[in-house]
Amino acid sequence: MNNEQWKDDILDSMRGAKRAEPNPFLFTRILAQIETSEQSVPQSYFKVRLAVSACALILILNVTLIIRQVRVSAENSEPATYSLNDNQYQLY
Amino acid sequence: MKESDLIQKLREADQEAFNIVFEKFKLHVFNTCISYLQHTEEAEEVTQDVFVEIYRSINHYKAEATLSTWIYRISVNKCLDFLRHRKRKKRSGLLINLFKRESSELQIDMPHFNHPGAILENKEKAALLFKVVDKLPDQQKTAFILSQIEDLPQKEIAAVMKLSEKAIESLLQRAKANLRKDLEIFNPGRRK
């Protein structure tokens, strides 16, 4: 057999091959996996909700603190007002 | 049942429709997976993932491709993902072994694969074929497996791979040329 013929035989060696059969319980396993993943969905939703709530809480706390901080600094930086009498403007 | 009715029922999560799809496509999916992964248990694992994906994402299925094309596409993508994951694992295993052991004995190659469906007289030749197919780049491997092992027409392979028929023809030519080149070292006539 020449070299090229031998290679052709190798390349065609799967022609006419039977189809391999998977495990007969495969469908049951697939249904079980779908069921398990569907049950675990609420848990993942719960985690997402928990994370969103935590972020919202942190954000609210931050905003509240910033507002308070701004108010306090605004109160402190108001120009001091002095009531001066006309007499007090007199120069000696 | 018409394909459109089957898809509609699948969208309604009808278990009987899902069973029909499984029975209709299980051999296509499993045999595609076995050709890529060359490992029966892993092929079953990926086949399982493919059908779970079909069940979950049937709402994303667009009628521009046939159901068969869509399922083949999912199968090919899952197999390629699995191969990439296996390669990463192999690489990290190699690194760990390099640091752990002093000896240079590192045997992490896949064992010799015998396709369960190969004809008895062709078993050895088929094993050699799978050995060299495993070395092909992803696209050439996909074109070769779908054409020569799954026996799909070029038009459907083009649809699965989202390429033109001409591109598939070129990929097949390159795949065969590479396989011939790789087979050279195994040729019994050459060893004499």
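Every chain is numbered from 1 and lettered A, B, ... according to where its sequence line falls, protein lines coming before strand lines. Remember, predicted model here, so these are calculated numbers, not experimental data.
The existence of a salt bridge linking B:E45 and A:R29 is excluded, since no basic side-chain nitrogen approaches an acidic carboxylate oxygen closer than 4.0 Å.
The stretch residues 10-21 of chain B participates, sequence neighbours left out, in these side-chain hydrogen bond (donor to acceptor under 3.5 Å, both in side chains) pairs: B:Q8-B:E12.
Within 6.0 Å of atom NZ in B:K123, more than 12 heavy atoms from other residues, nucleotides or ligands are found, so the atom counts as buried in its surroundings. In A:Q69, the CD atom is not crowded: 12 or fewer heavy atoms of neighbouring residues, nucleotides or ligands sit closer than 6.0 Å.
The CE atom of A:M14 lies 9.0 Å from the CD atom of B:E150; values are rounded to the nearest 0.5 Å. Within the model, atoms NZ of B:K26 and CZ of A:F27 stand 10.0 Å from one another, a figure rounded to the nearest 0.5 Å. For the atom pair OG1 (B:T40) and CG (A:N23), the distance works out to 11.0 Å, reported to the nearest 0.5 Å. With rounding to the nearest 0.5 Å, the separation of NZ in A:K7 from CG in B:L128 is 11.5 Å. Here CD of B:E44 is found 11.5 Å from CZ of A:F25. Values are rounded to the nearest 0.5 Å.
Neither A:I66 nor A:V72 shares a network with the other; the hydrophobic side chains, linked directly or stepwise wherever heavy atoms of I, L, V, M, F, W or Y lie under 4.5 Å apart, form separate groups for each. Criterion: ILVMFWY side-chain heavy atoms under 4.5 Å apart, direct or through other members. Under it, A:L59 and A:L61 are not part of a common hydrophobic cluster. Put simply, A:I67 and A:L57 are part of two different groups of oily side chains (I, L, V, M, F, W, Y) that touch within less than 4.5 Å, one to the next. B:I119 and A:W6 are members of different hydrophobic clusters when ILVMFWY side chains are connected at heavy-atom separations under 4.5 Å.
Here A:I10 is the residue among A:I10, A:L11, A:D12, A:D8 with the most heavy-atom pairs under 4.5 Å with chain B. The greatest number of non-hydrogen atom pairs below 4.5 Å with chain A, out of B:L129, B:I149, B:N122, is found for B:L129.
By the ring-ring contact (aromatic ring centres under 6.0 Å, His included) test, B:Y55 pairs with B:F18, sequence neighbours left out. Applying the ring-ring contact (aromatic ring centres under 6.0 Å, His included) test to B:F51 and every residue at least two apart in sequence or in another chain returns B:F22.
Side-chain contact between A:D9 and B:K125: present, with at least one pair of heavy atoms (C-beta onward) separated by less than 4.5 Å. Within the 4.5 Å cutoff, the side chain of A:K18 has no heavy atoms near those of the B:P116 side chain. Within the 4.5 Å cutoff, side-chain heavy atoms of A:N3 are placed close to those of B:E184. No side-chain heavy atom of A:E21 sits under 4.5 Å from any side-chain heavy atom of B:F30.
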With side-chain contact (heavy atoms from CB on, under 4.5 Å) as the criterion, how do B:D151 and A:R15 come out once you've worked through the C-alpha distance, each side chain's angles and the decisive distance to 0.1 Å? CA-CA 9 Å; B:D151 219 11; A:R15 289 220 183 272; 3.9 Å; yes
Does the pair B:E124 and A:S13 meet the rule for a side-chain contact (heavy atoms from CB on, under 4.5 Å), with working shown? CA-CA 9 Å; B:E124 266 185 53; A:S13 59; over 6 Å; no
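Residue B:E53: no heavy atom, backbone or side chain, is found under 4.5 Å from chain A. For B:H28, the parts lying near chain A are the backbone and the side chain together; criterion is any non-hydrogen pair under 4.5 Å.
A:A20 and B:L27 make their closest contact through O-CD2, 3.4 Å (heavy atoms, listed as atom of the first residue, atom of the second, distance).
Using non-hydrogen atoms only and a strict 4.5 Å limit, the part of residues 135-144 of chain B facing chain A consists of B:F144.
Looking at B:N31, its side chain never comes within 3.5 Å of a backbone N or O of A:R19 through a donor-acceptor pair.
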